[in-house]
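Taking it in order: structure first as structure tokens, then the write-up.
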Amino acid sequence: MNFTISGLNHLGLVVDDIATAKKWFATSLGLRIVEDRGELLFIAVGNDILAIKTPRMAVSKPEHGGEQNYATGSKAGWQALDHYGFFAPTPDAVDAFAKFAALEGAEILKGPYDRSDGRAVYFRDPCGLVGEYLYYLPPK
């Protein structure tokens, strides 16, 4: 094998309202905007990047699986995303995040709760995307 994978370079998320995304990810969560291209935001999450874009940006590139037909609602090139997840440093941080997220407009979907691999909370963020905040306890 002549290649290695050392991390996640970026994850592209599609949102209907870029202003809501900017408020949630940058203002509420305090993540740093690396670049703001209007309908496309690059946000740093540790060593990784979230590329947050509007539907128009998501379907306009042939390298994503097809040409756009935005006028007819075609979503060529879109893929399904189950959820995104952030690392929590402690189990208590999961509880604190759940309270904070709810105050910032997120809907708590499940938790906080203990599970075999740690403690987690699932939420629907103000953009309508499902997220998870997880204290991960590696198996022994």
(request) Determine the interplanar angle of the Phe123 and Trp24 rings, folded into 0 to 90°, and report it as parallel if under 30°, tilted if 30 to 60°, perpendicular if over 60°. (result) tilted

(message) Is there a side-chain contact between Ile33 and Ile43 in this structure, where contact means two heavy atoms from C-beta onward sitting under 4.5 Å apart?
(response) yes

(message) Applying a strict under-4.5 Å side-chain criterion to I, L, V, M, F, W and Y, I'd like to know whether Ile108 and Tyr133 cluster together.
(response) yes

(request) With rounding to the nearest 0.5 Å, note down the distance linking CG in Asp17 to NZ in Lys23. (result) 11.5 Å

(message) I need the minimum non-hydrogen distance between Asp16 and Pro55, along with the two atoms involved.
(response) OD1-CG, 3.7 Å

(message) What verdict does the side-chain contact (heavy atoms from CB on, under 4.5 Å) test give for Ile52 and Ile18, after you've listed the backbone C-alpha separation in whole Å, the side-chain angles of each residue and the deciding distance to 0.1 Å?
(response) CA-CA 8 Å; Ile52 301 171; Ile18 206 78; 4.2 Å; yes

(request) Report yes if some heavy atom in the side chain of Leu13 is under 4.5 Å from a heavy atom in the side chain of Leu81; otherwise report no. (result) yes

(message) Restricting to non-hydrogen atoms, name the atom on Pro91 and the atom on Arg119 that form the minimum distance, rounded to 0.1 Å.
(response) O-CD, 3.7 Å

(request) Look at the side-chain heavy atoms of Ile, Leu, Val, Met, Phe, Trp and Tyr, link any pair under 4.5 Å apart, and say whether Phe87 and Tyr122 land in one connected group. (result) no

(request) Give the intermediate values and the outcome of side-chain contact (heavy atoms from CB on, under 4.5 Å) for residues Glu35 and Ile49. (result) CA-CA 10 Å; Glu35 189 173 349; Ile49 297 290; over 6 Å; no

(request) Taking the side chain as every heavy atom from C-beta outward, state whether Asp48 and Leu11 have any pair of such atoms under 4.5 Å apart. (result) no

(message) For a side-chain contact (heavy atoms from CB on, under 4.5 Å) check, start with the C-alpha distance between Leu129 and Val15, then their side-chain angles and the critical distance, and finish with the verdict.
(response) CA-CA 8 Å; Leu129 301 171; Val15 300; 3.9 Å; yes

(message) Check the orientation of Phe25 and Tyr84. Use parallel for under 30°, tilted for 30 to 60°, and perpendicular for over 60°.
(response) tilted

(message) For the OG1 atom of Thr90 and the CZ atom of Phe97, what is their distance to the nearest 0.5 Å?
(response) 13.0 Å

(request) Output the distance between atom CD (Glu104) and atom OG1 (Thr27), rounded to the nearest 0.5 Å. (result) 9.0 Å

(request) Can you see which heavy atom on Leu40 is nearest to which on Lys53, and at what distance? (result) CD1-CB, 3.7 Å

(message) If you define the side chain from C-beta out and look only at heavy atoms, does anything of Leu134 sit under 4.5 Å from Arg115?
(response) yes

(request) For Ala21 and Cys127, work out which heavy atoms get closest and say how close. (result) CA-SG, 3.3 Å

(request) Identify the two heavy atoms, one from Ala93 and one from Ala88, that lie closest to each other, and give their separation to 0.1 Å. (result) CB-CB, 4.5 Å

(request) Write down the atom of Phe42, the atom of Ala51, and the distance for their closest heavy-atom approach. (result) CE2-CB, 3.8 Å

(request) Check the pair Leu29 / Phe100 against side-chain contact (heavy atoms from CB on, under 4.5 Å), numbers first and verdict last. (result) CA-CA 9 Å; Leu29 298 183; Phe100 171 80; 4.0 Å; yes

